**Q** 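Sharing a structure with you now.
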Amino acid sequence: MAVSEKREEPSSTLLTVIVAFTANALVAAAKSVAAVLTGSASMTAEAAHSWADTGNQVFLFMAERRSRRPRDKSHPMGYGREAYVWSMFAAFGLFTAGAVVSIMHGIQQIIEPEPASDFLVAYVVLAAAFVLEGVSFVQAFRQTRKAAHELERSTLKQVLISSDPTLRAVFAEDAAALVGLVVAFAGVFLRQVTGSPLPDAVGSIVVGVLLAVVAVVLIDRNRRFLVGQGVTPDIERSMARRVLEHRVVARLTYLHLEFVGPRKLYLVAAVDLQGDHPEHEVAVALRRIERELEDHETVEEAVLTLATPDETALHF
């Protein structure tokens, strides 16, 4: 398991967010200028998209920082789920400030088209934006691919099921940005060639729909972790073996694992210990195993109880 979850270091994720914020801020400013100069609906949609992404990086930065606070009496499981709350805000921001604005502007351009000019400015800005967004995407892709390789998963699968919502958001938003730039280029080019505002307006709507799909997926993934996302079979097998590797543990009859934050698990298990020891020795042994499990940085808290003789052992 948990090897990959463990190695998704918070500092790496924070760097990914900072790179994305810098790239999006520069791109948003350039696109806004180009949208004003050209009057292109697709450029306006792209500007709205980039400003939404820039604002979202602030939410993701908050998600990364606040979720790393140590647990206390008021939050015995820590603050890990704060990451999913702030990432949810970012996803809603992408939907409202990005998708809705782009779609509405595209529809408005169809109904009341505005003149467009200075297409060269749009092309230069789109090219520069593609480079900057590409740098941000490469950072997110490398981090995700490394984690996926360690778990023997595809990169896309790792994006979807990773417990790290900030990395998933940056990866998805940057990928959508690159696709959106291609769509915007096509819309601007077809408008220049045909003289019709329709391709440009349709491009704006397509960008909006793309952002809406990405936002809905991100909202759904954060919802799953907020309500108590279980773990994948490979993580379950890995943690079961970690419990059974203690020489005093004879059997494992129950195992509950739940994500309580990025790379953080709550573990509950029922075990049968070797031999027949007095109650106080059994209690000491169970507490020692719990502490040893919690020494692994992916386990936020471990709770062990004794299994009854009639319970069937779990096999992994």
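Position 1 is the first residue of the sequence, and the numbers go up from there. Quantities reported herein were computed from a predicted structural model and do not represent experimental measurements. Only this structure's heavy atoms are used, side chains among them; waters, hydrogens and symmetry mates stay out.
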**Q** So, using side chain to side chain contact (heavy atoms under 4.5 Å, CB included) as the criterion, who are the partners of Phe92 when residues are at least two apart?
**A**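 Applying side chain to side chain contact (heavy atoms under 4.5 Å, CB included) to Phe92 gives Met88, Ile219.
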**Q** Below 4.5 Å, heavy atoms only, C-beta onward: do Leu286 and Leu306 meet side chain to side chain?
**A**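 Leu286 reaches Leu306 side chain to side chain.
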**Q** With Val159 as reference, evaluate Val217, Leu167, Thr144 under the side-chain contact (heavy atoms from CB on, under 4.5 Å) test and give the passing residue.
**A**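 Result for side-chain contact (heavy atoms from CB on, under 4.5 Å) with Val159: Thr144.
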**Q** Donor-acceptor pair, distance only, cut-off 3.5 Å: does the side chain of Arg247 make one with the backbone of Gln274?
**A**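 Checking the backbone N and O of Gln274 against the side chain of Arg247, no donor-acceptor pair under 3.5 Å is found.
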**Q** Do you reckon Val179 sits in the same ILVMFWY cluster as Leu126, going by side-chain contacts under 4.5 Å, direct or chained?
**A**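 No; tracing contacts between hydrophobic side chains, which count when under 4.5 Å, never links both residues.
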**Q** Please answer: with hydrophobic residues joined when any side-chain heavy atoms are less than 4.5 Å apart, are Leu210 and Leu190 in the same cluster?
**A**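 The answer is no; the residues belong to distinct hydrophobic clusters.
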**Q** Measuring from Met43:CE to Ser50:OG, what's the distance to the nearest 0.5 Å?
**A**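 Output value for this atom pair is 8.5 Å.
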**Q** Answer yes if Met77 and Phe259 sit in the same cluster of Ile, Leu, Val, Met, Phe, Trp and Tyr residues linked by side chain heavy atoms under 4.5 Å apart, and no otherwise.
**A**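 Per the 4.5 Å side-chain linkage, Met77 and Phe259 are not co-clustered.
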**Q** Would you indicate whether Phe21, at its atom CZ, is surrounded by more than 12 heavy atoms from other residues, nucleotides or ligands within a distance under 6.0 Å?
**A**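 For Phe21, atom CZ is not crowded (no more than 12 foreign heavy atoms under 6.0 Å).
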**Q** Where the side chain of Ser32 meets the backbone of Ala47, is there a donor-acceptor pair that is under 3.5 Å apart?
**A**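 A pair under 3.5 Å: no.
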**Q** Compare every heavy atom of Ala240 with every heavy atom of Leu255, then report the nearest pair and how far apart it is.
**A**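 Leu255 and Ala240 have their closest heavy atoms at CD2-CB, 3.9 Å.
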**Q** So, applying side-chain contact (heavy atoms from CB on, under 4.5 Å) with His246, which one of Leu293, Val271, Leu273 is it?
**A**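 In the set Leu293, Val271, Leu273, the residue that makes a side-chain contact (heavy atoms from CB on, under 4.5 Å) with His246 is Leu293.
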**Q** Got a sec: does the CD of Glu112 have more than 12 other heavy atoms crowding it under 6.0 Å?
**A**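 Result for CD/Glu112: open.
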**Q** Which distance, rounded to the nearest 0.5 Å, do you find between the CD of Gln57 and the CD of Glu64?
**A**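 Answer for the CD-CD pair, Gln57 versus Glu64, is 12.0 Å.
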**Q** Val188 and side-chain contact (heavy atoms from CB on, under 4.5 Å): which single residue from Val183, Asp200, Val193 fits?
**A**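 Between Val188 and the candidates, side-chain contact (heavy atoms from CB on, under 4.5 Å) is satisfied uniquely by Asp200.
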**Q** Show the numbers, then the answer: is there a side-chain contact (heavy atoms from CB on, under 4.5 Å) between Glu46 and Val27?
**A** CA-CA 9 Å; Glu46 278 298 306; Val27 168; over 6 Å; no
**Q** Go through the structure and list residues passing ring-ring contact (aromatic ring centres under 6.0 Å, His included) with His256, not counting sequence neighbours.
**A**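 In terms of ring-ring contact (aromatic ring centres under 6.0 Å, His included), with neighbours along the sequence ignored, His256 is linked to no residue.
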**Q** Counting only heavy atoms not in Phe119, do more than 12 fall under 6.0 Å of its CZ?
**A**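 Yes, the 6.0 Å shell around CZ holds more than 12 heavy atoms from other groups.
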**Q** Quick check on the hydrophobic clustering: are Phe185 and Val33 connected, directly or via other members, by side-chain heavy-atom contacts under 4.5 Å?
**A**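 Same cluster: Phe185 reaches Val33 through Ile, Leu, Val, Met, Phe, Trp or Tyr contacts under 4.5 Å.
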**Q** What is the distance from atom CD of Glu173 to atom CG of Asn56, rounded to the nearest 0.5 Å?
**A**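 Going from the CD atom of Glu173 to the CG atom of Asn56 covers 4.5 Å.
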**Q** So, the side chain of Ser204 versus the backbone of Ser102: is there a donor-acceptor pair under 3.5 Å, distance only?
**A**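 Here the side-chain-to-backbone pair exists.
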**Q** Taking all atoms of both residues into account, what is the closest heavy-atom pair of Ala99 and Ala212, and its distance?
**A**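 Scanning both residues, the minimum pair turns out to be CB-N, 3.5 Å.
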**Q** Check this for me, if you would: do Asp220 and Arg223 make a salt bridge, where the nitrogen-to-carboxylate-oxygen distance has to be below 4.0 angstrom?
**A**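 Counted as a salt bridge, because a side-chain N and a carboxylate O are separated by less than 4.0 Å.
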**Q** Show me the pairs that pass side chain to side chain donor-acceptor pair (under 3.5 Å) and involve residues 85-94, at least two apart or across chains.
**A**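 Of all non-adjacent pairs touching residues 85-94, those that pass side chain to side chain donor-acceptor pair (under 3.5 Å) are Glu82-Trp86.
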**Q** Whether the side chain of Arg153 engages the backbone of Ala148 through a donor-acceptor N/O pair (distance < 3.5 Å, no angle test) should be reported.
**A**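 Checking the backbone N and O of Ala148 against the side chain of Arg153, no donor-acceptor pair under 3.5 Å is found.
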**Q** Looking only at heavy atoms, which two atoms of Leu178 and Gly134 are closest? And how far apart?
**A**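 For Leu178 and Gly134, the tightest heavy-atom pair comes out as CD2-N, 3.9 Å.
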**Q** Looking only at the side chains, is there a donor atom on one of Ser162 and Asp164 sitting less than 3.5 Å from an acceptor on the other?
**A**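 No donor-acceptor contact under 3.5 Å links the two side chains.
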**Q** Please report the closest heavy-atom contact between Thr308 and Arg251, naming both atoms and the distance.
**A**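 Nearest heavy atoms, Thr308 then Arg251: O-NH2, 3.3 Å.
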**Q** Side chain of Glu290, backbone of Leu304: donor and acceptor closer than 3.5 Å?
**A**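 Yes, the answer is positive, given that a donor and an acceptor are paired below the 3.5 Å cut-off.
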**Q** Supply the atom-to-atom distance His315 NE2 to Leu244 CG, rounded to the nearest 0.5 angstrom.
**A**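 If I round to the nearest 0.5 Å, the distance is 10.0 Å.
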**Q** Strictly distance-based, threshold 3.5 Å: is any side-chain N or O of Thr22 a donor or acceptor partner for the main-chain N or O of Ile18?
**A**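 Yes, Thr22 side chain to Ile18 backbone: donor-acceptor pair under 3.5 Å.
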**Q** Just wondering, do Ile205 and Gln109 contact through their side chains at under 4.5 Å, heavy atoms?
**A**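 Heavy-atom side-chain distance check fails, nothing below 4.5 Å.
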**Q** Rounded to the nearest 0.5 Å, how far apart are CZ of Phe171 and CG of Leu218?
**A**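 Between Phe171 CZ and Leu218 CG, I get 11.5 Å after rounding to 0.5 Å.
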**Q** Determine, step by step, whether Val17 and Arg65 satisfy the side-chain contact (heavy atoms from CB on, under 4.5 Å) criterion, reporting the C-alpha distance in whole Å, the side-chain angles of both residues, the deciding distance to 0.1 Å, and the verdict.
**A** CA-CA 11 Å; Val17 172; Arg65 293 299 296 272; over 6 Å; no
**Q** Can we say Arg81 and Glu258 salt-bridge, meaning some charged N sits less than 4.0 Å from an Asp/Glu carboxylate O?
**A**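 Looking at Glu258 together with Arg81, the answer is yes, because their closest N to O distance falls below 4.0 Å.
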**Q** Is there a continuous path of hydrophobic side-chain contacts, each under 4.5 Å between heavy atoms, that joins Ile235 to Tyr84?
**A**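 Yes: a chain of side-chain contacts under 4.5 Å links Ile235 to Tyr84.
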**Q** Counting only heavy atoms not in Arg69, do more than 12 sit closer than 6.0 Å to its CZ atom?
**A**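 Atom CZ in Arg69 is packed in, count exceeds 12.
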**Q** Can you tell me if CZ on Phe189 sees more than 12 non-hydrogen neighbours from other groups inside 6.0 Å?
**A**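 At most 12 heavy atoms, drawn from other residues, nucleotides or ligands, come within 6.0 Å of this atom.
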